[in-house]
Trainee: 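Take this structure, written in structure tokens, and hold onto it; I'll ask about it next.
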Amino acid sequence: MMRVFYLLFAVAAYFLFLAAFTYFALFVGNVPGLPITVDQGGPSVNAGLAAIVDASLIVLFGLQHSIMARPSFKAWWTQIVPPTIERSVYVLIATLLLILLIFVWHPLPGVVWSIESSAAQTVLWVVFATGWLMAVFSTFLINHFELMGLQQVWQNFRGSTPSEPKFRQPLLYRWSRHPLYLGMVIGLWCTPLMTVGHLLLAAGMTVYILIGIRYEERDLVSIFGTEYTIYQEKIAMLIPWPKRNG
């Protein structure tokens, strides 16, 4: 019975994440017709308080991602939460915090830059969409369903033993160690209209990503050892550069 519950829980958390992540990309893009975007809707307060609230939402989101992903936290957390659904619980909490960020976000409308050329706008929107698609595509290059917690509950449902992690460098990972994060950074920054609020979101999320990468890579080195340190020497962290001799 618990196996069925775990499976249903993981599937529900996954689809909630898909909905929230899709909305977040549209939220960042200020897509017309949405009730709330980075530049419209949301509670109305003075600019100072709005900036504090927005920055706090980013920090909260970043702390959850960084702390709950660490092995030391997982070792403690799995004494409370069954290991089978640990990843799904992580996905669910991250999704709820993303939803909180979206609906509590306070727009800061001051304009930082505005691109008027229709051709330049088109290019930026194409790059914007490419960035978010790259982020999603990157998860499938490694193991999308393990990342989302579905593989764990499916293996538990079937009574199979989880396989040991294997280090791979598929496609985009031969050019950037973190194409998922690179795609998100592109999606956050590529816009023809950059407001103060959008800048705060893009800068805050970028800082979180750069900090998170440092902790994530430390964990990867502890798992894969020399194999990963050689990879670090040869492949750029985010922006693809020519491979260095290693």
Side-chain angles (χ1 to χ4, degrees), residues 2-22 24-25 61-62 64-99 131-184 187 208-209 212-225 227-229 231-232 235 237-238:
M2 291 305 295
R3 291 183 180 183
V4 175
F5 170 76
Y6 292 160
L7 184 61
L8 294 176
F9 175 82
V11 170
Y14 175 69
F15 281 105
L16 182 63
F17 164 79
L18 285 184
F21 183 82
T22 301
F24 180 69
F61 181 81
Q64 182 270 332
H65 273 68
S66 295
I67 293 173
M68 291 192 70
R70 303 284 69 78
S72 56
F73 181 89
K74 291 181 182 181
W76 170 79
W77 185 233
T78 49
Q79 296 178 33
I80 303 170
V81 174
T84 302
I85 58 169
E86 178 271 327
R87 187 65 187 182
S88 294
V89 171
Y90 173 91
V91 169
L92 177 61
I93 295 175
T95 301
L96 293 176
L97 289 176
L98 184 61
I99 293 172
W132 291 109
L133 290 174
M134 179 194 299
V136 174
F137 180 60
S138 298
T139 66
F140 284 96
L141 289 177
I142 41 177
N143 192 331
H144 175 83
F145 297 107
E146 180 185 26
L147 190 65
M148 295 293 108
L150 294 175
Q151 178 174 297
Q152 294 88 323
V153 295
W154 179 245
Q155 289 174 332
N156 179 73
F157 182 75
R158 297 181 60 192
S160 58
T161 304
S163 56
E164 291 294 321
K166 295 180 180 180
F167 179 66
R168 299 185 299 115
Q169 303 174 46
L171 199 57
L172 298 179
Y173 288 85
R174 298 174 186 174
W175 302 97
S176 169
R177 300 201 303 271
H178 300 279
L180 188 160
Y181 296 138
L182 175 59
M184 291 183 64
Y208 146 66
I209 286 171
I213 284 175
R214 299 299 180 184
Y215 285 99
E216 183 176 322
E217 294 214 318
R218 187 176 64 182
D219 295 339
L220 290 169
V221 169
S222 69
I223 295 171
F224 298 111
E227 194 173 18
Y228 195 83
T229 59
Y231 178 62
Q232 287 177 306
I235 306 298
M237 184 177 73
L238 278 180

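On a predicted model such as this, the values are computed, not experimentally measured, just so you know. Side chains are part of it too, since the values below use all heavy atoms of this structure and drop only hydrogens, waters and symmetry mates.
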Trainee: Kindly indicate whether the side chain of Phe224, heavy atoms from C-beta on, has any atom under 4.5 Å from the side chain of Tyr231.
Mentor: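 A side-chain contact under 4.5 Å is absent here.
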
Trainee: In the structure I gave you, are the side-chain heavy atoms of Tyr14 and His144 within less than 4.5 Å of one another anywhere?
Mentor: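 With C-beta onward as the side chain, the pair touches.
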
Trainee: Would the distance check show the side chain of Ser176 and the main-chain N or O of Leu238 forming a donor-acceptor pair, the cut-off being under 3.5 Å?
Mentor: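 Checking the backbone N and O of Leu238 against the side chain of Ser176, a donor-acceptor pair under 3.5 Å is found.
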
Trainee: A side-chain contact here means heavy atoms from C-beta on lying under 4.5 Å apart; do Asn143 and Leu147 qualify?
Mentor: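 No, too far: nothing below the 4.5 Å cut-off.
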
Trainee: Quick one: which of Glu216, Gln169, Gln232, Glu217 gives a side-chain hydrogen bond (donor to acceptor under 3.5 Å, both in side chains) with Arg177?
Mentor: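 By the side-chain hydrogen bond (donor to acceptor under 3.5 Å, both in side chains) criterion, Arg177 pairs with just one of Glu216, Gln169, Gln232, Glu217: Glu217.
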
Trainee: Report yes if the side chains of Ile142 and Leu180 come closer than 4.5 Å at any heavy-atom pair, otherwise no.
Mentor: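 Result no, sub-4.5 Å side-chain heavy-atom pair not found.
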
Trainee: Taking all atoms of both residues into account, what is the closest heavy-atom pair of Gln64 and Tyr90, and its distance?
Mentor: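 Taking Gln64 first and Tyr90 second, the nearest heavy atoms are NE2-O, 3.5 Å.
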
Trainee: Kindly determine whether Phe21 and Val136 satisfy side chain to side chain contact (heavy atoms under 4.5 Å, CB included), including the steps that lead there.
Mentor: CA-CA 10 Å; Phe21 183 82; Val136 174; 3.7 Å; yes

Trainee: Quick check: do Phe167 and Ile223 have side-chain heavy atoms less than 4.5 Å from each other?
Mentor: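 Not in contact.
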
Trainee: Closer than 4.0 angstrom, basic N to acidic O: yes or no for Arg87 and Glu146?
Mentor: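 So Arg87 does not pair with Glu146 through a salt bridge.
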
Trainee: A side-chain contact here means heavy atoms from C-beta on lying under 4.5 Å apart; do Ser138 and Tyr173 qualify?
Mentor: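 Answer yes - side chains close enough.
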
Trainee: Does Leu172 reach the side chain of Phe137, with side-chain heavy atoms less than 4.5 Å apart?
Mentor: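 In contact.
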
